[in-house]
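Right, one structure below, let's go through it.
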Amino acid sequence: MEASCQGNEKLKKEERKLFRKQMKASRTLLRHEGIETVSHPTQSLVVANGGLGNGVSRQQLLEVLMKCGSVAALLMPPNKPYAFVTFGSTEEALMAHTTINGFQLQTEDQAITLYLNFVEKVDCKDSACQKLPAGLRVVEEFVSSEEEQQLLSSIDWGSDMSSESAQKTLKHRRVKHYGYEFRYDNNDVDKDSPLPGGLPEICEEVLERCLEKGYVNIKPDQLTVNQYEPGQGIPPHVDTHSPFEDTIISLSLGAKTVMDFKHPDGRSVAVMLPRRSLLVMTGESRYLWTHGITPRKFDVVPASEADEPGTVSSDIGDLTINKRETRTSFTFRKVRRTPCDCAYPSVCDSQGSKNQDCAPSVPQSDGDASRLERKFVHKVYEQIADHFSNTRHSPWPKVVEFLKSLPRASVVADIGCGNGKYLGVNQELCMMGCDRSRNLVDICGERKFQAFASDALLVPLRSGICDACISIAVIHHFSTEERRLAAINELVRLLRPGGRALIYVWAMEQEYKKQKSKYLKKNKAKPEEAMPDTLQQEFSSNRTESSTVSSYEAADFKKSPSVAQNQCELRVHMNRTSFHSQDLLVPWHLKGSVEKNKSAEEALKESTDHSKAAENAPVFHRFYHVFCEGELENLCRKIENVTIYSNYYDQGNWCVIIEKCKKFCVKMV
């Protein structure tokens with residue numbers, strides 16, 4: 001009898017533990033994804049941890065779910081750690097809820113625990129179906145199985161160098177060059193020093209077929225062979241314009257993969273490269289779009305084979321994961337003998353070289369300031385939005401304190417809201433956000449926050465509409481005092497009389513009252529280790545204007561730190577060190593989107609693994625004007641009808657709360 005009671009008590013304890021984890025999963029889904037669960041049974045459930053992002057395939061999950069009844073629909077959003085299932089009846093859904101909660105599912109890499117919660121409705125939209133970039137073409141089964149084996153067998157990876165090829169073992173792949181060697185130290189080829197032997201004879205038939213089919217109009221004379229093991233990839237990049245002619249063709253051998261293309265305006269397209277297919281890039285897709293392969297072990301692919309060649313389906317009811325295998329690419333190019341005269345001069349190293357002999361300088365006019373911010377603020381945040389958002393998840397306590405001090409139903413605008421991390425901290429407020437980055441605004445939308453794209457200097461809201469505004473880490477991105485003042489004026493315009501605005505800017509003083517800021521404390525490396533891994537001379541001559549890696553292979557190489565030649569030039573700051581000038585460029589080392597495919601625990605673990613950071617990663621530079629003590633207050637005092645309610649220093653930031661005068665006020669000086 002006593003043993004029976006102990007067994008019941010243990011069972012109840014396990015049930016309570018399972019219930020707590022189930023509720024935690026429900027709260028996490030609501031907080032991070034905006035998915036609301038319900039307590040009463042319905043036909044539909046959300047399966048936490050059962051998503052493509054956790055390495056769960058459609059077939060694996062279906063096998064578990066179908067034991068409880070007929071599955072009417074299974075929706076698996078790409079790169080998300082959850083899935084939605086709709087059963088044929090509420091009774092079947094209830095059985096799944098009862099029997100599958102806490103079930104351990106073994107994936108290729110790990111065992112995961114499934115947690116199920118009922119949802120009233122499945123509101124999960126497919127991503128918009130994207131067309132292939134202009135000038136891009138994927139030709140399936142371009143070579144036969146026999147030709148594939150012959151091509152793969154012709155590459156001897158045994159020796160690092162041979163008389164006819166140049167081979168390099170990079171951190172993320174093995175590379176072999178034929179015809180001409182691409183030099184990673186200057187992103188170019190030595191056109192006067194061809195490699196002996198030319199291209200392998202086995203490639204002749206393939207190239208003749210490309211000429212015959214019209215995929216190229218001139219025979220390539222340079223070949224790069226890349227070999228990728230599962231988990232390896234190549235960062236987003238645009239092939240350098242000056243070394244090679246327009247058309248680039250690439251064979252995918254040994255395995256299929258997904259290549260991501262992205263336009264400078266933020267559009268992105270995931271393109272399936274089937275095994276034995278030929279990728280043809282010309283025109284816009286070759287010169288303007290970045291392309292890369294995310295380093296991961298699984299790709300999200302269509303579950304069916306009926307999709308249009310080259311495209312990855314946007315139908316979340318037809319997606320699964322595919323385990324990567326060893327893939328070898330044969331990429332053929334024609335060495336260019338004249339300067340590039342493409343239709344994209346803003347990203348062309350041949351046409352833009354005259355404008356890139358000097359480092360960017362402190363702007364002397366509003367036009368210069370606008371151009372500087374467009375390149376070193378707006379464009380950068382568009383391209384790093386996903387990675388930036390992954391690092392911005394913990395609201396700062398004093399900002400939360402300000403928002404929670406506001407009266408219920410206050411109308412609050414977050415100007416420069418980023419990924420919206422402050423938009424949901426006080427549910428009793430009517431909050432809206434805006435940001436210059438369309439990609440960050442889209443992330444806010446995915447989290448069910450109210451946000452819109454806007455410049456902080458011209459917010460499309462009527463005057464006096466807000467009870468409060470916040471501007472957190474925004475105004476320091478404006479490059480002249482006039483524009484910083486205009487940004488604060490815009491906050492004041494939005495406020496009603498008596499309304500308050502909280503402003504945070506980065507401080508020049510990262511050590512204040514003998515206390516180092518968190519920014520400095522995080523640098524525990526030795527001085528020589530604190531140097532960014534790939535801090536490049538981005539602004540020297542013969543480099544592209546693009547903020548992304550300009551190398552056609554985004555190779556693993558190091559550049560020397562940029563050194564300003566005069567007092568007007570902007571210096572590149574060394575991360576996690578004290579500031580030595582107020583106007584500067586701060587590097588951002590972009591990590592691949594592989595983080596999206598990891599659980600929160602894995603992402604947190606990998607974020608502390610410094611040995612994996614910044615390998616092959618593109619480096620972007622963001623403009624900052626760091627504020628000296630008292631500078632922000634002096635700026636605010638130049639504005640009419642405003643008083644400084646309070647000011648303080650908070651972990652490396654100068655902060656003020658300003659109040660818009662109700663009618664008449666005497667300004668404190």
Side-chain angles (χ1 to χ4, degrees), residues 148 151-191 193-200 202-203 206-207 220-244 248-260 273 275 278-279 281 286 290-296 324-336 533-534 536 548-559 592 612 614-618:
E148 177 187 41
L151 287 165
L152 290 173
S153 300
S154 69
I155 305 301
D156 178 17
W157 295 105
S159 59
D160 285 344
M161 291 292 289
S162 71
S163 60
E164 298 182 355
S165 67
Q167 178 175 321
K168 294 183 181 296
T169 301
L170 304 180
K171 292 180 181 179
H172 279 294
R173 63 196 184 280
R174 291 197 292 182
V175 179
K176 216 172 183 62
H177 301 295
Y178 294 87
Y180 293 86
E181 180 184 3
F182 185 83
R183 296 290 303 276
Y184 299 131
D185 54 354
N186 61 5
N187 302 323
D188 207 346
V189 294
D190 187 346
K191 300 171 184 178
S193 301
L195 296 170
L199 273 56
I202 189 76
C203 298
V206 172
L207 295 179
D221 55 6
Q222 195 274 340
L223 166 64
T224 297
V225 180
N226 283 286
Q227 187 177 82
Y228 302 88
E229 296 296 336
Q232 296 182 334
I234 185 169
H237 64 283
V238 175
D239 287 26
T240 313
H241 293 202
S242 59
F244 304 109
I248 296 171
I249 55 177
S250 182
L251 282 170
S252 291
L253 305 177
K256 63 183 177 182
T257 195
V258 172
M259 181 173 282
D260 298 307
L273 302 182
R275 183 176 179 177
L278 179 72
L279 174 70
M281 290 193 300
R286 180 263 191 267
T290 64
H291 60 280
I293 298 173
T294 302
R296 57 192 174 208
R324 283 189 183 173
E325 301 175 57
T326 301
R327 172 181 171 271
T328 304
S329 66
F330 278 54
T331 302
F332 299 92
R333 302 171 176 86
K334 173 64 179 176
V335 171
R336 185 187 292 277
D533 291 336
T534 54
Q536 74 263 53
T548 58
V549 175
S550 60
S551 160
Y552 86 96
E553 290 192 307
D556 306 72
F557 60 94
K558 295 186 177 182
K559 296 287 183 181
K612 295 181 180 179
E615 289 185 2
N616 255 355

Who are the side chain to side chain donor-acceptor pair (under 3.5 Å) partners of Ser250, not counting sequence neighbours? Thr331
I'd like to check the side chain to side chain contact (heavy atoms under 4.5 Å, CB included) partners of Pro194; sequence neighbours left out, ordered by chain and number. Tyr180
With Leu199 via side chain to side chain contact (heavy atoms under 4.5 Å, CB included) - residues at least two apart: Leu207, Leu223, Phe332
Applying salt bridge (Lys or Arg N to Asp or Glu O under 4.0 Å), can you list everything that pairs with Arg327, at least two apart in sequence or on another chain? none
Point-to-point distance, once rounded to the nearest 0.5 Å, from SG of Cys203 to CG of Leu151: 5.5 Å
How would you list, by chain and number, every residue that makes a side chain to side chain donor-acceptor pair (under 3.5 Å) with Thr326, sequence neighbours excluded? Glu229
Which residue is it: Lys334, Arg286, Arg336? I am looking for the one with a side chain to side chain contact (heavy atoms under 4.5 Å, CB included) to Phe244. Arg286
Please enumerate all residues that pass side chain to side chain contact (heavy atoms under 4.5 Å, CB included) together with Arg275, with sequence neighbours excluded. Glu148, Gln149
Check: Asp221 side chain, Val335 main-chain N or O, donor-acceptor pair, under 3.5 Å: yes
Spatial distance of atom CG (Leu253) from atom CD (Gln227) [nearest 0.5 Å]: 10.5 Å
Out of curiosity, Ser154 OG to Phe330 CZ, how far, rounded to the nearest 0.5 Å? 4.5 Å
Roughly how far, to the nearest 0.5 Å, is CD1 of Ile202 from CG of Leu152? 10.5 Å
Does Ser153 have any side chain to side chain donor-acceptor pair (under 3.5 Å) partners at least two apart in sequence or in another chain, and if so, which? none
Has the side chain of Lys176 got a donor or acceptor atom that lies under 3.5 Å from a matching backbone atom of Thr224? no
Could you check Arg333 against Asp239 for salt bridge (Lys or Arg N to Asp or Glu O under 4.0 Å), going step by step and ending with a plain yes or no? CA-CA 11 Å; Arg333 302 171 176 86; Asp239 287 26; 3.1 Å; yes
For the side chain of His291 and the backbone of Asp260, is there at least one donor-acceptor N/O pair under 3.5 Å apart? no
